[in-house]
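Below is one structure, written out as structure tokens; the observations come after it.
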Amino acid sequence: MAYYGNLALRPERVEEQKTKQPSPRQQTPPSRAPRRRPLPLGEKLIYLFTIAAVAFVAGLIIFRYAEIYQINGQLQTTNKAYTQATEQTKELQREVERLSDPGAIRKKALELGFVPNTGESIEASRSGGNGAAPTP
């Protein structure tokens with residue numbers, strides 16, 4: 001007897017449970033559902049090798065991406081060092097141009113106590129003394 005609704009309101013349910021107590025030795029009949037056969041060993045191995053191959057390829061791809069990421073970091077570091085070296089080279093070139101100015105050299109020489117050349121020849125003597133002496 002099928003009952004569709006609230007089972008809590010069905011009074012005969014309690015009576016049915018009391019009258020239908022299963023006997024301790026009663027066995028259930030074997031089910032007629034088809035049994036599933038386990039997978040054959042060869043098919044299991046094929047699945048295992050397929051999964052292993054997929055995992056290996058995925059690991060290889062991840063490894064390659066890690067290498068590319070590392071090389072990209074090294075490339076950025078090298079580019080930054082190149083840019084800094086280029087800027088330093090330009091700055092040093094400007095300083096060479098500034099220090100190569102003949103007027104600035106003459107001014108700095110006078111500040112340090114050097115005297116201008118008067119056109120007299122200077123000869124080095126082999127005798128002791130102070131090295132080079134002007135000849136009259």
Side-chain angles (χ1 to χ4, degrees):
M1 171 177 200
Y3 183 76
Y4 303 104
N6 191 347
L7 297 178
L9 299 176
R10 207 170 109 186
E12 64 269 0
R13 180 179 176 112
V14 176
E15 294 171 7
E16 286 178 10
Q17 288 179 356
K18 289 181 183 177
T19 59
K20 284 188 171 182
Q21 291 182 355
S23 64
R25 298 270 178 173
Q26 186 178 12
Q27 293 181 354
T28 59
S31 68
R32 300 281 183 199
R35 296 182 107 192
R36 295 184 70 179
R37 293 185 307 165
L39 293 175
L41 181 63
E43 197 169 343
K44 288 180 185 177
L45 289 176
I46 289 173
Y47 290 148
L48 177 70
F49 287 130
T50 303
I51 291 172
V54 168
F56 178 75
V57 169
L60 187 65
I61 290 171
I62 291 171
F63 178 73
R64 290 292 186 181
Y65 273 111
E67 281 184 342
I68 290 170
Y69 181 77
Q70 184 180 11
I71 291 171
N72 191 16
Q74 290 174 353
L75 182 65
Q76 289 178 355
T77 304
T78 305
N79 283 340
K80 188 181 291 184
Y82 173 75
T83 303
Q84 289 175 350
T86 304
E87 290 296 323
Q88 187 177 14
T89 303
K90 287 178 182 179
E91 184 178 323
L92 291 174
Q93 188 65 32
R94 284 191 296 266
E95 188 175 348
V96 165
E97 290 174 5
R98 183 179 58 83
L99 293 175
S100 297
D101 182 32
I105 293 173
R106 190 171 294 121
K107 182 179 175 183
K108 188 68 173 177
L110 290 175
E111 287 176 6
L112 293 174
F114 290 95
V115 292
N117 189 1
T118 58
E120 297 176 5
S121 64
I122 300 174
E123 293 181 16
S125 66
R126 293 192 179 252
S127 64
N130 59 0
T135 58

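Along the sequence shown, residues carry numbers from 1.
- For T77, there are no side chain to side chain contact (heavy atoms under 4.5 Å, CB included) partners at least two apart in sequence or on another chain.
- In this structure, E43 places its CD atom where more than 12 heavy-atom neighbours from other residues, nucleotides or ligands lie under 6.0 Å away.
- In this view, Q74 and Q70 satisfy the side chain to side chain contact (heavy atoms under 4.5 Å, CB included) rule, not counting sequence neighbours.
- Here the straight-line distance linking atom CG of L92 with atom NZ of K90 works out to 13.0 Å at 0.5 Å rounding.
- Across every non-hydrogen atom of L110 and P116, the tightest pair is CD2-CD, 4.3 Å.
- In this structure, CZ on F63 lies 10.5 Å from CZ on F56, to the nearest 0.5 angstrom.
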Practice problem: Start with the C-alpha distance between Y65 and I61, add both sets of side-chain angles, then the distance that settles side-chain contact (heavy atoms from CB on, under 4.5 Å), and finish with yes or no. | Solution: CA-CA 6 Å; Y65 273 111; I61 290 171; 3.5 Å; yes
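- With respect to E95, the side-chain contact (heavy atoms from CB on, under 4.5 Å) criterion is satisfied by exactly one of E97, E91, R98: R98.
- Atoms CD1 and CD1, on I51 and I46 in that order, are 12.0 Å from each other to the nearest 0.5 Å.
- For the pair Y82/T86, a side-chain contact is recorded, criterion being any heavy-atom separation below 4.5 Å from C-beta on.
- In this structure, L112 is not a member of the same hydrophobic cluster as L99, with clusters built from ILVMFWY side-chain heavy atoms closer than 4.5 Å.
- The salt bridge (charged side-chain N to carboxylate O under 4.0 Å, His left out) contacts involving residues 61-76 comprise R64-E67, where partners must be two or more places apart or lie in separate chains.
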